[in-house]
Q: 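Structure below; questions to follow.
From a predicted model like this one, the values you see are computed outputs, not experimental measurements. FYI, side chains are in, hydrogens and waters are out, and symmetry mates aren't considered; it's all heavy atoms of this structure.
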Amino acid sequence: MYYSKSESNIIALMVIYHNVEKHFIYIPYICVHPDCWGCGISRQILSYLMLHLPAHINEVYLEVRKDNERGIHLYEKFGFYEFEDRGVKHLMKKEIYKINV
């Protein structure tokens, strides 16, 4: 879990599942307190995760409600695309490309 605090209150939470054997991360939830919507907190915690991915990760998946247009737009900016229709949600996917030097 990753979270963001303001004073003593948790204002955002991101839950992740790290599958070590299959080399992916799955994010079922990114939640931000309504008082903090539009402040860029989701972008910040997702950016932090993407910058600190373990080297063996090849894919990142996340779920987002279809009616969460702002969330979908944010995730698309990060390179996620719709991978699977899950009824009221989309499963989105981002491939992680490694550069061999």
Q: Determine yes or no for a side-chain-to-main-chain donor-acceptor pair under 3.5 angstrom, with His33 supplying the side chain and Asp35 the backbone.
A: yes
Q: Which atoms form the tightest heavy-atom contact between Ile41 and Ala12, and what is the distance?
A: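 The answer is CG2-CB, 3.3 Å.
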Q: Identify each donor-acceptor pair in which a side-chain atom of residues 17-25 lies under 3.5 Å from a protein atom, sequence neighbours left out, and give them as a table.
A:
residue	atom	partner	partner atom	Å
His18	NE2	His56	NE2	3.0
Asn19	OD1	Glu21	N	3.2
Asn19	OD1	Lys22	N	2.8
His23	ND1	His56	O	3.4

Q: List the residues meeting side-chain contact (heavy atoms from CB on, under 4.5 Å) with Lys94, not counting sequence neighbours, and say none if there are none.
A: Met50, Phe80, Ile96
Q: How would you list all residue pairs meeting salt bridge (charged side-chain N to carboxylate O under 4.0 Å, His left out) that involve residues 1-12, not counting sequence neighbours?
A: none
Q: Tell me, which pairs form a side chain to side chain donor-acceptor pair (under 3.5 Å) where one or both residues lie in residues 37-51, sequence neighbours left out?
A: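 Listed once each, the pairs would be none.
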Q: Can you hop from Val64 to Val32 via hydrophobic side chains spaced under 4.5 Å?
A: no
Q: Measuring from Leu62:CG to Leu74:CG, what's the distance to the nearest 0.5 Å?
A: 9.0 Å
Q: Are Val88 and Lys66 side-chain neighbours, meaning at least one heavy-atom pair lies under 4.5 Å?
A: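 Not in contact.
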Q: Using the side-chain contact (heavy atoms from CB on, under 4.5 Å) criterion, which residues pair with Phe83? Sequence neighbours excluded.
A: Tyr61, Tyr81, Leu91, Lys93
Q: Indicate if Met1 and Ile10 have the same hydrophobic cluster label, given that clusters are the connected sets of ILVMFWY residues with side-chain heavy-atom separations under 4.5 angstrom.
A: yes
Q: Are Phe78 and Leu49 close enough that some pair of their side-chain heavy atoms sits under 4.5 Å apart?
A: no
Q: Out of curiosity, does Ile45 fall in the hydrophobic cluster containing Ile57 (side-chain heavy atoms, cut-off under 4.5 Å, transitive links)?
A: yes
Q: Applying salt bridge (charged side-chain N to carboxylate O under 4.0 Å, His left out), which residue pairs with at least one partner in residues 69-82 are found, sequence neighbours left out?
A: none
Q: Measure the CG-CD1 distance between Leu46 and Ile16 for me, rounded to the nearest 0.5 Å.
A: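 Here the interatomic distance stands at 11.0 Å.
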Q: For Asp67, what residues pass the side chain to side chain donor-acceptor pair (under 3.5 Å) criterion, not counting sequence neighbours?
A: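 Once residues adjacent in sequence are excluded, the partners of Asp67 under the side chain to side chain donor-acceptor pair (under 3.5 Å) criterion are Arg65.
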Q: For Asn9, check side chain to side chain donor-acceptor pair (under 3.5 Å) against everything at least two apart and list the hits.
A: none
Q: Roughly how far, to the nearest 0.5 Å, is CG of Asp85 from NE2 of His90?
A: 6.5 Å
Q: One pair to check against side-chain contact (heavy atoms from CB on, under 4.5 Å): Tyr29 and Leu13. What are the steps and the verdict?
A: CA-CA 8 Å; Tyr29 300 105; Leu13 174 71; over 6 Å; no
